[in-house]
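Starting from 1, each residue takes its place in the sequence as its number. Source: prediction; values computed, not measured.
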Amino acid sequence: MTAFSSAPSVPVPAGAHQRGPSVLVLGGGTRLPKALQGHGMHVVYGGTPDEFTPAHRDACDEAWLLDGSEDDWVSRAVALHQVVPLHRVVTVRERFLTAAARIGDALGLGGNPLDTVRALKDKSLMRLRAESLMEQGAVRARLMHTPGDVDAFVARVGLPVVLKPRDGSGSEDIAIVRDEDAVRSARQRVHALPGALLAEEFLDGPEFSVETFTDEGRHRILALTEKFTAAGAVEVGHVVPARIGADDRTALEEATRRFLDGMGFVEGPAHTELILTANGPRVVESHNRPGGDGIVDLVRHVSGVDIRDLLAARIAGAEPPVPAADPAGAAATWFLTAAPGVATEVSGWEAAAAQPGVVSVAPGTRVGDTVSPLRGSGDRCGSVTAVASTPDEALRRARGALALVTLRTTPSAQPSTESREGR
């Protein structure tokens, strides 16, 4: 394998052997690159030097390592294409979604249209498109440019409202504005970040996500995920399949298909989040990638198919993978949270891992780490995933195992803003 590094130009080895058509994989772990190699593809991995591991070295044929802007990724991919012609460019990482779409657009490689990916990434664009295409069910939303915009939006839709980054993920920095004190704080945020925040009407009801895979515009429903949130809309648990009736399930699936059609979504995985209100499902947001927070693994445990394997087969033009025999009836993940401060005791993960049905534990905090206030997914402190024959039992197992974990903190003078996500 040849490793490329940050440099003024893209170095390519003379006479490098290629097993088959080249695919540029931007970011992520090794499951997708390995699956592509299994289909005979020549895998070029693109990522930052700090995320390239020994496992990546075995999962790709060439590596392109670069700390740079999105423009840098696009220009160098175009240069790489001149010597190693790319068949496709793909990613399952949020940070590379628009870069991958821009490269595919520049090189005419196909995939979802660039404006579709930009609309899904930028929630203000998504809302504008949804409002123009949907006769009913569109969520009222406006981009906030001045503090006065907050007052105008509240006067239009009433309290509570949601204030969120226009380009964000992981439930990061979402605020529910419920009273006049929160309105004043919202004005201050908008004054500090004009044009960066989106206000939306508050949707009341349980939250779900619909995991799909699209092939030539046909949206296949893989799973419905039931989601559990703490204050501030940070997700603290998931279970697949969702515990809902047939009518609600059908309504969520149909709303997702209509939304993806309206966005011009034509291929690959999508993770669409919805609130089931008294007036029916309303789309919160969607992403052209598999669901995060380990949802891709919950779907794999229950369906017997990994979404990344589906994506690899689609890119290679191969038959979809055969589901594994005897999948679980249900799978659940529950996340550990703790009071802000410095961690003084972390114990019990071994006991949690040994509980019936537990398939993985993911400690996220060590003694001496600073636990930040719960403002986003990166502020959680670990998780337990369990499988069972029913959703209720999977939830009971995951939460019961996590109850064996002890995380004690002591208040710190200056809480850290550094996220542990991805460590």
Side-chain angles (χ1 to χ4, degrees), residues 94 116 119-141 157 160-162 164-166 168-172 174 176 198-214 219-230 232-265 268-296 298-299 302-303 307 332-333 377 391:
E94 181 76 22
T116 293
L120 294 177
K121 182 75 170 165
D122 185 329
K123 296 170 182 60
S124 64
L125 295 178
M126 184 197 75
R127 289 284 174 234
L128 287 173
R129 181 179 288 195
E131 284 185 13
S132 68
L133 294 173
M134 300 173 68
E135 295 181 2
Q136 59 183 2
V139 178
R140 291 175 293 178
V157 305
V161 299
V162 177
K164 63 200 291 188
R166 67 184 293 181
S169 62
S171 307
E172 192 76 31
I174 295 176
I176 301 176
L198 185 71
E200 298 179 346
E201 64 175 302
F202 178 79
L203 302 175
D204 189 19
E207 184 174 351
F208 303 88
S209 64
V210 181
E211 323 307 330
T212 56
F213 193 87
T214 300
H219 313 300
R220 171 186 171 188
I221 307 296
L222 299 177
L224 266 67
T225 305
E226 184 178 351
K227 305 166 84 68
F228 305 87
T229 58
V234 179
E235 294 168 3
V236 293
H238 308 291
V239 64
V240 174
R243 300 168 299 170
I244 55 174
D247 289 345
D248 286 339
R249 178 178 297 275
T250 297
L252 287 164
E253 292 177 353
E254 290 180 350
T256 299
R257 287 190 172 102
R258 286 196 304 270
F259 179 83
L260 294 176
D261 284 343
M263 291 294 111
F265 198 93
H271 168 72
T272 304
E273 300 175 11
L274 307 95
I275 302 291
L276 187 58
T277 73
N279 296 318
R282 311 285 287 279
V283 173
V284 176
E285 60 190 42
S286 188
H287 308 268
N288 61 307
R289 57 163 173 78
D293 283 350
I295 289 176
V296 66
L298 300 185
V299 175
V302 174
S303 70
I307 298 172
T333 295
S377 299

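- Once rounded to the nearest 0.5 Å, the distance linking OG1 of T272 with CE of M263 reads 10.0 Å.
- A distance of 8.5 Å separates CZ of F208 from CD1 of I275, quoted to the nearest 0.5 Å.
- Atom OG of S286 and atom NE2 of H271 lie 8.0 Å apart (nearest 0.5 Å).
- In this structure, L260 and T212 have side chains that are in contact, with non-hydrogen atoms separated by less than 4.5 Å.
- The line from CG of L252 to CG of L274 is 5.5 Å long, rounded to the nearest 0.5 Å.
- Atom CD of residue E273 and atom CZ of residue F259 lie 10.5 Å apart, to the nearest 0.5 angstrom.
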> Can you list the steps and then say if D261 with H219 is a side-chain contact (heavy atoms from CB on, under 4.5 Å)?
Replying inline: CA-CA 9 Å; D261 284 343; H219 313 300; 2.7 Å; yes

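- Using modelled atom types, one side-chain atom of D122 and one backbone atom of S124 make a donor-acceptor pair closer than 3.5 Å.
- Of the candidates H287, E94, M126, E94 is the only one forming a side chain to side chain contact (heavy atoms under 4.5 Å, CB included) with K121.
- Two residues are said to be in side-chain contact when any heavy atoms from C-beta on lie closer than 4.5 Å; V157 and F202 fail this criterion.
- Listed here is the closest heavy atom pair of V302 and P241: CG1-CD, 4.5 Å.
- With T225 as reference, E211 is the one residue of E211, H238, E235 to meet the side chain to side chain donor-acceptor pair (under 3.5 Å) rule.
- Rounding to the nearest 0.5 Å places CD of E253 at 5.0 Å from CD1 of I221.
- Minimum interatomic distance between A255 and V283 (heavy atoms only, all atoms of both residues): O-CG2, 4.4 Å.
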> Could you walk me through whether N288 and T116 pass the side-chain contact (heavy atoms from CB on, under 4.5 Å) check?
Replying inline: CA-CA 9 Å; N288 61 307; T116 293; over 6 Å; no

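- Look at E200 and K123 and you find no salt bridge, because none of the NZ, NE, NH1 or NH2 atoms lies under 4.0 Å from a carboxylate O.
- Considering every non-hydrogen atom in both P391 and R243, the closest pair reads CB-CG, 3.5 Å.
- Using a 4.0 Å cut-off between charged side-chain N and carboxylate O, K227 and E207 make no salt bridge.
- Side-chain atoms of V139 and V284, non-hydrogen and from C-beta on, never get closer than 4.5 Å to each other.
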